[in-house]
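Written out below as C-alpha cells is the structure these notes cover.
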Amino acid sequence: MNRIAPELISELKVKKEPDKGLPELDINGKLVMRFAPNPNGPATLGSSRGMVVNSEYTKKYNGKFIIRFDDTDPVTKRPMLEAYDWYIEDCEWLGAKPDEVVIASDRMEKYYEIARELIEKHAAYVCFCTQGAFKELKDAKKACPHREQGAAKNLMFWDKMLAGDFNEQEAVLRIKTDIAHKDPAIRDWGAFRIIKTPHPRKEVGDKYCVWPLLDFEGAVEDHLLGVTHIIRGKDLMDSESRQKYIYNYLGWTYPKTLHWGRVKLDAGLLDDNDEKENFKVIDGLKYGVPKLYVRPDKETLSTYEKEGRGYPVAVGYTKKGNIRFKKASQEYPMEELDSKNGYIMVSKKLIENIGKFSTSGLKKAIADGTYSGWDDPCVPTLRALKRRGILPEALRKFMIDLGLSETDISLSLDTLYAENRKIIDPIANRYFFVWEPVVMTIEGKENAVARAPVHPMRGGVREIPVGNTVLVCRNDADKLSTGDKLRLKDLYNIEITGTSPLTAKFIGTGMELVKKEKARIIHWAPPDGVKVRVLSPDGEYEGVGEHGILGEQGKVVQFERFGFVRIDSVGEDGIVAYFTHK
RNA sequence: GCUCCGAUAGUGUAGCAGGCCAAUCAUUCUGGCCUUUCAAGCCAGUGACCCGGGUUCAAAUCCCGGUCGGAGCACCA
C-alpha cells in the first residue's frame, strides 16, 4: 500500500486526527460575538461558559467580543447595580476582556425608532387584549381585534404608550408574525410592555415607561452591533424564528446561531471524610449543590471501616434518576439502594430539585442569611470560585472542553478541580493544619526542630520548633491505641503510651520504622500555632496551623492530608482560608 | 394540547458526508509502583454507541417508529 498509493495513507492520517477544542465556525468576514447577561446578580459558573466560549472564538478568529447587558426589566429581573462592574471584572479575570460594553437601558431611543418603523410597515400593532384573552385567541389561531387597526391608529396609540397615557398591563406592542403558525410560540409575540417602576440605574431612572422584551431588544441589538454569530441556550431556540420576522421586515441578515443545552451541577462540593453519625439530608438542595448523606448497610459499613475509607457519600443523581456516589464508578437506581442495600433515600421530588439554582433563589438565601454573600464558598458564583482559589485557566479549559453540544448536561466539578489541581499542585506550598486538634504529650525529647519541605519537588525547608507537646487531628487520635508506633511527619517517631489523655514517648528519628515496619505517618501542629478557620462548601473546619501560613495571604497552599485552600485573610484572631478542593 | 431540540462508559467529550471504531480523550473509580501527605507522578484495569425495525456487502454514523430527557407557547431573561 505504501508503495502503490502513498497519498492514500496520508489521507487516512488526516481523517483520523481528532478535533481539538471548539468546532470551527463558518465565517464570512469579521467575526463578531456577544455575551449578553442580565445583571440581576453576579456571574455564575453557567455565565462563565458564555464568557469563555464567545471570547475564545473571537480570539481564535481575531474577531470582536462584546458584552451586552440585557437589563430591560426593572421589575421581575431587576438589575443589581454592582453586578455590571462585577461582570466586567469577572470577564477580565477569565481572560475574556470585552472589546465593547453595551448597556441596553442606554439605548432605548434606538428601540423606539425601530418600533416606529415596524408600525409604519404594518409589521407591529398596539394590542389592548388582556393576557388571558390574547392567549385564547392565539391558541385558536385567531387574530385579535387590534391586529388590523391600521398604521395611523397604531402610531397614535404607540405615542400615547410612550407618553405614559396607559397603565401597566393596558397595552402592549406586538410583532405581526403568522397568527396561524403551527408553533404557538411564534404567533404575534409581544415586543414592548409598560412598566412604571423606575430602572435602578440612575442614568435611566424613570425616563422610560415602555420597555422592550428580550426578543425585540436582542434582535435589534444583534443587528446594530453587527453580531455575526450567536450562541445561546436551547431554551431560546424559538427566538430565532420569532426574531427573523423583524429581520425580514427590515431587510436585515440574521446571524448564524448555535445552541447549547441546559447545564446543571451534578457533583458534590463536598468531602467524603465526614463522619456523619446517621444518614441525613442536609441543606444544599435549594441552591443546587447536592449534599446527601447515606448510611450504608452493616456489611458495607464494616468493609469500609476496615479499609478506613469512610462513608460513601451520594453526590448527585443522573438523568436516569439514579444516585451517584463519590467513591464509586457506577450509579445505582434509587429503588435498589432503598430495598436491597438498606440505604435510606430522600424523596424523588427533593432529588429532582438538585441542580437547579437560580439567581433569584440565591438572592433570597443570601438575604435570609443562609449564605454570607455572593462569594460564600457554597455558592456557584465566579466570585466565590475565585475566592476559593480556582484559577481562570482551569475554568477556561473546563468550559472549552465541554464544547458546544445541544445535549443537556450535568456538570461534574471533579473535572474542574482536577484541571485546577494540575496548575496549583506544582506551585502551592505545603503546611500542616490540624483540625479538631487534640493535645499529645511526648516524653523523652524536650526540644526539636522539624525541617519539613515547603514543597515535595521544589525543595525549600520550613522549620517548626517543637517542645514536648504537639497537636494532632481528633480523627487520627481516635484510631490510636497504646503501643502503636508511628511517625510525626518530618519530625520523629513515637510510641503511644496512653490514650486519655493522649501521651507518647520518643523512640527515634530514623525512617526505618516507616520503611520496614510500615508505620503510619501523621501530621501535627505546634500547640502555639496560629488559629485557622477553613470555610468550605461542606461546612467550617477549625483548627491550628503552623506559623508559616501567616505569610501566604492571597495564595493557594496545600494543607497536607487535608486539601488545597486559599488563604483569604490573616487577622488578629487567626487565619481564614477558603477550601479549594482535595 | 401544540411546537422544537437532544440521546456514546459514573460524568463530560471525539467520531456521526457509512467501512480506518471489538469506538477517542479527560475525569471518576479499582489495583500496583513511587513517595516522610490519604497530594502529585508513573503503570495497569473496570466501564458506553437508548430501544425496535429498515436501507446496505457494511450503520454509533442514513431512514422510519417508539422510549426517555430538556425546552418554548410570559406584559422574565
Side-chain angles (χ1 to χ4, degrees), chain A residues 12-13 15-16 18-20 36-38 40 70-73 75-77 127 130-131 134-135 138-139 168-174 181-187 189-195 211 213-215 217-218 233-239 241-242 259 261-262 266-267 273 308-310 315-316 318-322 324-332 359-360 397-398 401-403 405-419 421-422 424-426 428 430 432 452-453 456-457 487-491 511 514-515 520-523 558-564 582:
Chain A
L12 284 176
K13 277 183 184 154
K15 201 184 169 190
K16 187 74 179 176
D19 276 356
K20 281 266 193 293
N38 179 332
N40 63 335
D70 285 347
D71 60 345
T72 55
D73 180 356
V75 179
T76 322
K77 297 223 165 144
C127 174
T130 62
Q131 268 187 76
F134 186 81
K135 183 175 166 46
K138 184 198 68 182
D139 286 347
E168 291 188 13
Q169 311 286 316
E170 208 175 322
V172 59
L173 186 79
R174 286 187 189 288
H181 196 287
K182 65 171 182 167
D183 183 350
I186 310 302
R187 300 172 196 159
W189 48 275
F192 285 86
R193 82 304 210 181
I194 298 165
I195 295 177
W211 289 91
L213 275 320
L214 178 72
D215 274 321
E217 180 266 332
K234 264 202 322 190
D235 51 329
L236 260 26
M237 254 180 171
D238 292 336
S239 284
S241 312
R242 282 196 281 246
H259 300 95
R262 305 288 284 176
D266 162 68
N273 272 340
R309 283 206 281 167
V315 295
T318 67
K319 296 171 215 171
K320 297 153 202 149
N322 292 345
R324 194 161 83 75
F325 287 89
K326 187 103 179 172
K327 287 186 167 291
S329 59
Q330 319 170 34
E331 58 186 45
Y332 307 89
T359 306
S360 51
K397 174 134 198 318
F398 180 63
D401 283 351
L402 285 188
S405 80
E406 288 190 17
T407 318
D408 300 322
I409 55 177
S410 310
L411 283 191
S412 169
L413 255 22
D414 286 343
T415 315
L416 172 63
Y417 294 159
E419 222 54 78
R421 186 155 39 229
K422 276 181 202 154
I424 272 173
D425 186 68
R430 314 290 149 126
F432 290 150
M457 303 302 172
R487 181 173 179 86
L488 295 174
K489 188 167 183 287
D490 304 312
L491 188 59
M511 285 305 295
V514 171
K515 299 227 155 118
R520 300 200 322 120
I521 299 168
I522 64 168
H523 73 292
Q558 189 197 51
F559 286 165
E560 294 194 35
R561 303 213 298 146
F562 180 79
F564 292 93
K582 284 293 253 185

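Note on naming: letters A, B, ... go to the chains in the order of the sequence lines (proteins, then strands), and numbering restarts at 1 for each one.
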TODO: Dot-bracket for RNA chain B, please, read 5' to 3', with Watson-Crick or G-U wobble pairs under 3.5 Å on both distances, ( ) within the strand, [ ] crossing, | other strand, . unpaired.
DONE: (((((((..(((......[.....))).(((((.......)))))....(((((..]....))))))))))))....
Using the [atom1] atom on both, measure [N] against [M] and round to a whole Å.
N: B:U24; M: B:G47; atom1: P; value: 13 Å
N: B:U61; M: B:G18; atom1: P; value: 12 Å
N: B:A71; M: B:C76; atom1: C1'; value: 15 Å

Residues which pass side-chain contact (heavy atoms from CB on, under 4.5 Å) with [X], listed by chain and number, not counting sequence neighbours:
X: A:Ala452; answer: A:Arg462, A:Asp490
X: A:Asn38; answer: A:Asn40, A:Lys77
X: A:Gln169; answer: A:Gln131
X: A:Arg262; answer: A:Asp235, A:Asp408

Open item on the list: If I take atom CG in residue A:Leu411 and atom C1' in nucleotide B:U13, what distance separates them, rounded to the nearest angstrom?
Closed with: 12 Å
- [ ] Using the closest heavy atom to pick a nucleotide of RNA chain B for each, name whichever of A:Arg487 or A:Phe564 lands nearer the 5' end.
- [x] A:Arg487
Task: Along RNA chain B (nearest heavy atom to each residue), the more 5'-positioned of A:Arg520 and A:Arg262 - done: A:Arg520
At less than 4.0 Å, is any side-chain N or O atom of [X] found next to OP1 or OP2 of [N]? Yes or no.
X: A:Arg421; N: B:A40; result: yes
X: A:Lys515; N: B:U36; result: yes
X: A:Ser405; N: B:U13; result: yes
X: A:Lys138; N: B:A74; result: yes
X: A:Lys422; N: B:A26; result: no

Task: A:Glu419 (side chain) and B:U27 (base): donor-acceptor pair under 3.5 Å - done: no
Contact list (N/O, under 3.5 angstrom) for nucleotides 75-77 of chain B vs protein:
unit_1: B:C75; atom_1: OP1; unit_2: A:Gln131; atom_2: OE1; d: 3.1
unit_1: B:C75; atom_1: N3; unit_2: A:Gln169; atom_2: O; d: 3.3
unit_1: B:C75; atom_1: N4; unit_2: A:Gln169; atom_2: O; d: 2.6
unit_1: B:C76; atom_1: OP2; unit_2: A:Arg193; atom_2: NE; d: 2.4
unit_1: B:C76; atom_1: OP2; unit_2: A:Arg193; atom_2: NH2; d: 2.8
unit_1: B:C76; atom_1: O3'; unit_2: A:Asp73; atom_2: OD2; d: 3.4
unit_1: B:C76; atom_1: O3'; unit_2: A:Arg193; atom_2: NH2; d: 3.4
unit_1: B:C76; atom_1: O2'; unit_2: A:Asp73; atom_2: OD2; d: 3.0
unit_1: B:C76; atom_1: O2; unit_2: A:Lys77; atom_2: NZ; d: 2.5
unit_1: B:A77; atom_1: OP1; unit_2: A:Thr72; atom_2: OG1; d: 3.4
unit_1: B:A77; atom_1: OP1; unit_2: A:Arg193; atom_2: NH2; d: 3.1
unit_1: B:A77; atom_1: OP2; unit_2: A:Leu214; atom_2: N; d: 3.0
unit_1: B:A77; atom_1: O3'; unit_2: A:Asp70; atom_2: O; d: 2.9

Closest to side chain of [X], choosing from [options]:
X: A:Ala418; options: B:G69, B:C73, B:U27; answer: B:U27
X: A:Glu406; options: B:U28, B:A26, B:C5; answer: B:C5
X: A:Asp414; options: B:G72, B:C4, B:U27; answer: B:U27
X: A:Asp490; options: B:U36, B:U37, B:U28; answer: B:U36

Open item on the list: Tell me whether A:Arg487 contacts the main-chain N or O of A:Ile521 through its side chain, where contact means a donor paired with an acceptor under 3.5 Å.
Closed with: no
Open item on the list: If the condition is ring pair (Phe, Tyr, Trp, His ring centres under 6.0 Å), which residues does A:Phe398 pass it with, not counting sequence neighbours?
Closed with: none
- [ ] Heavy atoms only: give me the nearest A:Lys234-A:Glu406 pair and the separation to one decimal.
- [x] NZ-O, 3.0 Å
TODO: Classify the nucleic acid contact of A:Pro453 as base, sugar-phosphate or nothing, counting any heavy atom under 4.0 Å across all strands shown.
DONE: nothing
Open item on the list: Need one value for A:Met511: base, sugar-phosphate or nothing, where a base atom within 4.0 Å counts as base even if backbone is also close, heavy atoms only.
Closed with: base
Task: With sequence neighbours excluded, residues passing salt bridge (charged side-chain N to carboxylate O under 4.0 Å, His left out) with A:Arg430 - done: A:Asp425
- [ ] Just jot down the salt bridge (charged side-chain N to carboxylate O under 4.0 Å, His left out) partners of A:Asp215, sequence neighbours excluded, or say none.
- [x] A:Arg242
Open item on the list: Could you check whether any side-chain heavy atom of A:Arg421 comes within less than 4.5 Å of a side-chain heavy atom of A:Phe564, counting everything from C-beta outward?
Closed with: yes
